[in-house]
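What you are looking at is a predicted structure, and each value in this text was computed from that prediction instead of being measured. Just so it is clear: chains get the letters A, B, ... in the order the sequence lines come, proteins before strands, and each one is counted from 1.
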Amino acid sequence: MALPKAYDPKACEDRIYALWESSGAFKADAKSTKESFTVSMPPPNATGQLHLGHAVMLALEDIFIRFNRMKGKEALWVPGTDHAAIATESVVIKNLQKEGMRDPRAQLGREKLVARIAEFVEKSRATIRGQIRKMGASCDWSRERYTMDPVLNRCVNEVFVQMYEDGLIYRGHRIVNWDPKMQTTVSDDEIEYREEKAPFYTFQYGPFQISTSRPETKFGDKYVVMHPDDDRYDKYKHGDTFVAEWINGPVTATVIKDKAIDMAFGTGVMTITPWHDPVDFEIAERHDLQKEQIIGFDGKLLSIAGEFEGLPIADARPKIVEKLKEKGLLVKTDENYVHRVAVSYRGKGVVEPQIKEQWFIDVNKPVVSWKRRKISLKQIMQETVRTKLIAIIPERFEKVYFNWVDNLRDWCVSRQIWWGHRVPVYYCSEGDAVQGEVRSDERSAMSGELKAQSSKLKAGRHAAMIVSVTPITQCPVCGGQVTQDPDTLDTWFSSGLWTWSTLVDPALADDTSLSLPDLLKSSPDFRKFHPTQVMETGYDIIFFWVARMILMTTYATGDIPFETVYLHGLIRTREGKKMSKSDPETMIDPLDIIPKYGADALRLSMIVGQSPGADARLYEEKIGGYRNFINKLWNASRFVLLQCEQAGADPQKIDNGQLIIDNCSLADRALLSALQQLIEDVTKGLDEYRLSDVGERLYSFVWDYFCDWYLELTKGEANIAVLVHTLRTILILLHPYCPFVTEELWGSVKPAGAGMLIKEPWPEAQKKLRDEEVEAQLQIVIQTVKEIRALRVAQNVEAQVKVHIIIDVDYPEVAEILRLQEAHVLRLARLSSLEVNVGIPAGPGFRHGQAAIRILNGMEIHMPLAGLVDVEKERAAMAKEKEQLEQFIAAGEAKLANQDFVARAPEKVVLAEKEKLAQLKDKLAKVGERLKTL
RNA sequence: GGGCGGUUAGCUCAGUUGGUCAGAGCGGCUGGUUUACACCCAGUAGGUCACAGGUUCGACUCCUGUACCGCCCACCA
């Protein structure tokens, strides 16, 4: 079973993944009595390819999961994909248009288009599944979910109805961000701004001058607004009217005074367009002004524009300016004005504010039960994080989070696209809108006998709106036809339920007799695995998603969705730029990297040396560096196997019981001791989510300590039991980081009867193997050997020479190990023979604690042995430290003796001072000891 | 305008509660092919830790201010 000279990831990865999967190692058991550890995978958009962002996410989460699984927890990682409503619909429509379909929405109609999208999504999901596997993600595929699964739809409807009944969901005319391209609203958070240069016009409007970059919205303007404190316009009173000549003839305008106006900007006066501007809308609301629509939902001017009706904005603007200019109303034009255009994050279309009737979630209404009081959704989001029920890593993002939550406004959840969870609201044509609505809050309604609340009924007529968890086609009151609300819900509405809706038993989804709490109670997965332990995602969606999960989940289940939020940063190019598809030069595609360097190397390169929440730069050399590390590990293992072979030992037959300390050399004991420290550090670090630290620690242990130090030193005299034990431990500890190569190597060195590495229990540090003294002594030996070699080189001794070393009597172990390592020393220093004695080094200039090395052609050196340091220097340093410590202690005691300090300083500070003092004294004692031994 | 970060060796970045922290990787330079590994080994050079104050016996670490860089949010009629 000779291993090839270099590790070839291509040859193993897919095979190993298939083995893991078929072994059931990924599958969690809801009936297990073990403590659970759950991670919900942030569902990638089901629109196409995995990118580095996903790769980071997968690598991090896989480490969490594998580590905890090995530690003996019931680890569940739920994979899935997101329907990404707007993005997906947009992609499919674009594809259809490319195929020659002009207006897919109109030509196909709702049902057919939705079917086409579903088809596309299926293909895309298959691609993504394959890609997730390539990364080595050990997620439970048997529990894979999709945000559009029927069971998730059920959850969405349940939550919608519950919120509606709690009065949290309401419908209202509000100004929304309308994307004319996608024909839908987008939420505030999904808006991006793009800088654009546009002419900035100043027009004469009655006695005032007003400026705008958007003359096409100005047709209906009949209010001029100024700041109440603006002296320039003192003579105009709030409510004054005047007639102004305007685009299509004279209009009567009213003066409005409002503090929203910035006196310093432009002329300090503006006209408002409440229908198409959020600020104007608020002013209009405050003063109860009329609002008129100027631009249609198709982005074209309406009849109010007169002769310009039907023109798209871009065409109309210059013509309107021309007309105003002819009328002599154009005062000036600033061609260099830069303003920011709102663009949709998903569809990339320019956003036009519009007033529309939309569904909103009220974030300020105090209706959520929390610790015996009623608080609002906003307060839920604040409380859970403030009280540390949910911890955010890195901590500074808590500030960012609060800053956002504190300023949160009602959330518009309806979208006018077809792809997504449809709003579970129905309208009866026989109903009377004035009557309000019928609710489905009685479960009996599910059997088709939905009853309207009698209070909502008037003789003969009933309410028009019915909110129902299950689809209905007939009015439960009058039996008339109903039509469903055409809108769909914001993607984040369903994503907000992700941690728990994925754990609801799909088999129960059809049982409409169950309420949401029943549904949760009777789902084994939910009971076992929720709340989840950690939510790992990019910091860029902390608002979109993390905050909304906290909101939706705590509301719906009464419990938090996760205990810890771990945020990773963006992966950037070598130059620090964002990677983008439009710039393929800088793009790193994980699918190109994996065949070339291996998934393990890619994983390491994205985790080691990166801190959470910070952007990271990634480039091929970096990945290459970790590929080298993987190869180093591979070759170290090869070497271990070779040693076994030479010793005639079968590595698989070596069990840890053969590790008898008495048979170990100094070097062995030093290695075993360091290994215990490693286990401790790695375990603690991973428990605290310090993945980068731990990665570096492992890297350095394997490469510097195990390979370059121990293996080199013990060549020829290896203790097979120690070798195999150490390698096994290293493979276990490294497995979460680089699962493939470790699993592959495990096959050759695992103890008889052991299974796959993925199922191997995590080691515990053994105190009895710790021995720091031994580690220090071995250092001395190493240094001695190096000194000999340096001496030989410096003295330019060509031929092989004999060496006689006399080691100080106080360091007999050093002499012993030198003898043990004789072959190695000879080779390293190119000596023909080595004689080691213990004694008092003779000759002039020798001091206690030195070794005399005599090369048998007359040369001689003297070498310090005491921990590799010059005794005199060490003594001086210690003396100095002692003096300092005494000073500090004196200062500390003086401070504590100061009654003023003790009385006034907070108790905490005084305690800290005392503790510090104790530490200093402790240290002083140690220094004293050390001084004595010198 | 509001908020959050960064500034440490040529490059990319660590530095966990103030006292062996001045570090790692890459790159550079000098040697080297020895029972695995050239995807290697042994060495080596290098930084007033942006700047200025302050707290402290002691500051890369805490506080204040300045300069530059970056991100998020709001928003410019």
Taking the cut-offs as 6.0 angstrom to the six-membered ring centre and 45 degrees off its axis, would you call A:Arg574 and A:Tyr619 a cation-pi pair? yes

Between B:rC39, B:rG5, B:rU35, which nucleotide gets closest to the side-chain atoms of A:Ala6? B:rC39

For the backbone of A:Asn631 and the side chain of A:Asn635, can you confirm whether one donor and one acceptor N or O come within less than 3.5 Å of each other? yes

Describe the nucleic acid contact of A:Val640 in one word from base, sugar-phosphate, nothing, applying a heavy-atom distance below 4.0 Å. nothing

Under 30°, 30 to 60°, or over 60°: which ring-plane class applies to A:Phe543 and A:Trp404, parallel, tilted or perpendicular? parallel

Taking atom P of B:rC71 as reference, at what distance in whole Å does atom NE2 of A:His568 sit? 18 Å

Does A:Arg574 reach a base, just sugar-phosphate, or nothing at all? Heavy atoms under 4.0 Å. nothing

Under 3.5 Å, is there a donor-acceptor pair between the A:His287 and A:Asp258 side chains? yes

For A:Asp708, report the nucleic acid contact type (base, sugar-phosphate, nothing); a contact means any heavy atom under 4.0 Å. sugar-phosphate

Rounded to whole angstroms, how far apart are OH on A:Tyr401 and C1' on B:rC4? 17 Å

Using a 3.5 Å distance criterion without hydrogens, assess whether the side chain of A:Arg572 forms a donor-acceptor pair with backbone atoms of A:Lys577. no

Looking for any heavy atom pair under 4.0 Å, which part of the strands does A:Tyr619 touch: base, sugar-phosphate only, or nothing? sugar-phosphate

For B:rC37, take OP1 and OP2 only and decide whether either is under 4.0 Å from a side-chain N or O of A:Trp703. no

Taking only the side-chain nitrogens and oxygens of A:Lys399, find out if one of them lies under 4.0 Å from OP1 or OP2 of B:rG5. yes

Below 4.0 angstrom from OP1 or OP2 of B:rC40, is there any side-chain N or O of A:Asn628? yes

Heavy atoms only, 4.0 Å cut-off, all strands: where does A:Lys632 land among base, sugar-phosphate and nothing? base

Of the candidate nucleotides B:rA14, B:rC76, B:rA36, which contains the atom at the shortest distance from the side chain of A:Ser611? B:rA14

Using heavy-atom distances to pick each residue's nearest nucleotide on RNA chain B, tell me which of A:Leu642 and A:Ala616 is more 5'. A:Ala616

Taking atom types as they are modelled, would you say the side chain of A:Arg627 forms a donor-acceptor pair with the base of B:rC39 within the 3.5 Å cutoff? yes

Looking at every strand, decide which applies to A:Gly609 at a 4.0 Å heavy-atom threshold: base, sugar-phosphate, or nothing. sugar-phosphate

Base, sugar-phosphate, or nothing: which does A:Ser637 touch, judged by heavy atoms less than 4.0 Å apart? nothing

Identify whether any heavy atom of A:Gln646 sits under 4.0 Å from a base atom; if not, whether one sits that close to sugar-phosphate; answer base, sugar-phosphate or nothing. base

Considering just the side-chain nitrogens and oxygens of A:Arg617, establish if one lies under 4.0 Å of OP1 or OP2 belonging to B:rU12. yes

Could you tell me how far apart A:Phe629 (CZ) and B:rA38 (C1') are, to the nearest whole angstrom? 18 Å

With nearest nucleotides of RNA chain B determined for A:Tyr7 and A:Cys707 from heavy-atom distances, which residue corresponds to the more 5′ nucleotide? A:Cys707

Quick one: the side chain of A:Glu712 and the base of B:rA36, do they pair up donor-acceptor inside 3.5 Å? yes

